[in-house]
2 protein chains.
Amino acid sequence: MRDTAASPSPGRPLTRKGLADRAGCGIETVRYYEDAGLMPEPDRGPNGYRLYGEEDVRRLGFIGRARRLGLTIEEVRGLLSLVDGERITCAEVRETTLRHLESVRARIAELRRLERTLADVSARCSGEQVPDCAVIDALMDG
Amino acid sequence: MRDTAASPSPGRPLTRKGLADRAGCGIETVRYYEDAGLMPEPDRGPNGYRLYGEEDVRRLGFIGRARRLGLTIEEVRGLLSLVDGERITCAEVRETTLRHLESVRARIAELRRLERTLADVSARCSGEQVPDCAVIDALMDG
DNA sequence: CCTTGACCCTGTAGCTGGTGCAGACCCTAC
DNA sequence: GTAGGGTCTGCACCAGCTACAGGGTCAAGG
């Protein structure tokens with residue numbers, strides 16, 4: 001792992017909201033990822049408050065970016081276990097990524113078929129104020 | 001509504017499974033749509049069994065096709081209330097359809113951006129058995 | 001007549017990926 | 001001292017189903 005120029009972990013620890021803000025997610029989401037085992041159990045202050053460091057910001061950012069790329073929680077968990085285990089290889093990561101790329105392409109193809117159907121069906125619709133519609137007929141008698 | 005050449009409603013009523021099979025969905029789904037108010041409360045036989053007719057087959061088929069086109073339950077409910085109210089106009093249906101078409105196109109555009117990002121990121125991946133991966137770096141330090 | 005197996009009924013819990021709320025505590029500033 | 005923010009926990013909720021438990025019913029076969 002490359003080190004960022006920022007301060008190392010226990011400079012001044014972040015609260016849950018601080019972490020959430022830094023990573024651009026909600027505080028409940030942090031807890032959810034913790035429950036789901038994607039984020040480790042953090043240290044606690046004397047008042048029981050969670051304390052986070054820069055590592056957590058990076059990790060939560062990783063999760064967020066992966067999720068925004070559409071990876072499932074399980075896929076993210078897989079990548080994180082590679083990272084955590086230090087036994088990460090580029091080949092393994094590539095496999096997850098390409099598999100996901102395939103599924104994205106499949107979803108695009110599916111949506112394009114859908115788009116055509118919707119365009120076709122709505123083109124047959126006169127759009128007038130009449131109680132008779134080709135869309136409804138198509139759906140009812142399809 | 002156009003009449004189909006099939007037998008009218010109470011020829012020999014269908015059971016829940018019969019209806020589900022005809023419409024190509026599971027029997028639990030039928031109950032779910034009933035609870036959700038998309039399907040009407042059916043008549044019951046003396047044993048309390050639900051009894052369905054051809055109208056129900058058509059309606060459930062309508063719901064299934066609309067769902068397969070990606071309409072939400074709420075959108076389907078909207079269309080059905082137009083159908084039920086008999087005050088259906090082509091213009092109203094067209095509006096739902098076009099709005100949905102827009103959202104499908106937006107999803108396609110979003111997925112295409114995603115596809116490019118994934119393709120880019122995986123192209124930077126050597127795919128070798130080395131403990132260092134451009135994908136992970138991109139996600140960690142993005 | 002009895003059993004087997006398929007079906008039906010209801011209520012309820014689970015799934016994914018969070019979001020939000022209640023009720024309690026804590027901490028800081030004014 | 002009190003107002004406001006923050007934090008803690010546990011829980012319920014969203015879509016859109018799916019599945020299971022624990023019972024009842026029914027038709028066919030032996």
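In the text below, chain A, chain B and the rest are named by the order of the sequence lines, each starting its count at 1.
In terms of heavy-atom proximity, Arg65(B) sits nearest to Met140(A) at NH2-O, 2.9 Å. Here the shortest heavy-atom pairing between Tyr52(B) and Thr15(B) reads CD1-O, 3.8 Å.
When the P atom of dC9(C) is taken as reference, atom CG of Leu19(B) falls 11 Å away, rounded to whole Å. Rounded to whole Å, the distance from CG on Leu60(A) to C1' on dG18(C) is 13 Å. We find that CG of Asp21(A) is positioned 12 Å from C1' of dG6(D), with the value rounded to whole Å. Note: NZ (Lys17(A)) to C1' (dC27(C)) measures 16 Å, nearest angstrom.
Taking only side-chain nitrogens and oxygens, Arg16(B) never comes nearer than 4.0 Å to OP1 or OP2 of dC7(C). At dT10(C), one or more side-chain N or O atoms of Arg50(B) fall inside 4.0 Å of OP1 or OP2 (strictly under the cut-off). Side-chain N/O atoms of Arg44(A) include none lying less than 4.0 angstrom from OP1 or OP2 on dC26(C). An OP1 or OP2 oxygen of dT7(D) is reached within less than 4.0 angstrom by a side-chain nitrogen or oxygen of Thr15(A).
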Checklist entry - In the 5'-to-3' direction, what one-character label does each nucleotide of nucleotides 15-25 of chain D receive under the scheme B = base within less than 4.0 Å of a protein heavy atom, S = sugar-phosphate only, - = no such atom? => result -BBBBB---BB
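Of the possible donor and acceptor atoms, one in the side chain of Arg67(A) sits under 3.5 Å from a partner among the backbone N and O of Leu71(A).
To the nearest 0.5 Å, atoms OG1 (Thr97(B)) and CZ (Arg124(A)) are separated by 11.0 Å.
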Next on the checklist: I'd like to know whether Glu102(B) forms a side-chain contact (heavy atoms from CB on, under 4.5 Å) with Arg99(B), so could you lay out the CA-CA distance, the side-chain angles of the two residues, the decisive distance to 0.1 Å, and finally the verdict.
Outcome noted: CA-CA 5 Å; Glu102(B) 265 322 289; Arg99(B) 191 154 16 89; 5.7 Å; no
Next on the checklist: With side-chain contact (heavy atoms from CB on, under 4.5 Å) as the criterion, how do Phe62(A) and Leu79(A) come out once you've worked through the C-alpha distance, each side chain's angles and the decisive distance to 0.1 Å?
Outcome noted: CA-CA 10 Å; Phe62(A) 178 97; Leu79(A) 291 181; 4.0 Å; yes
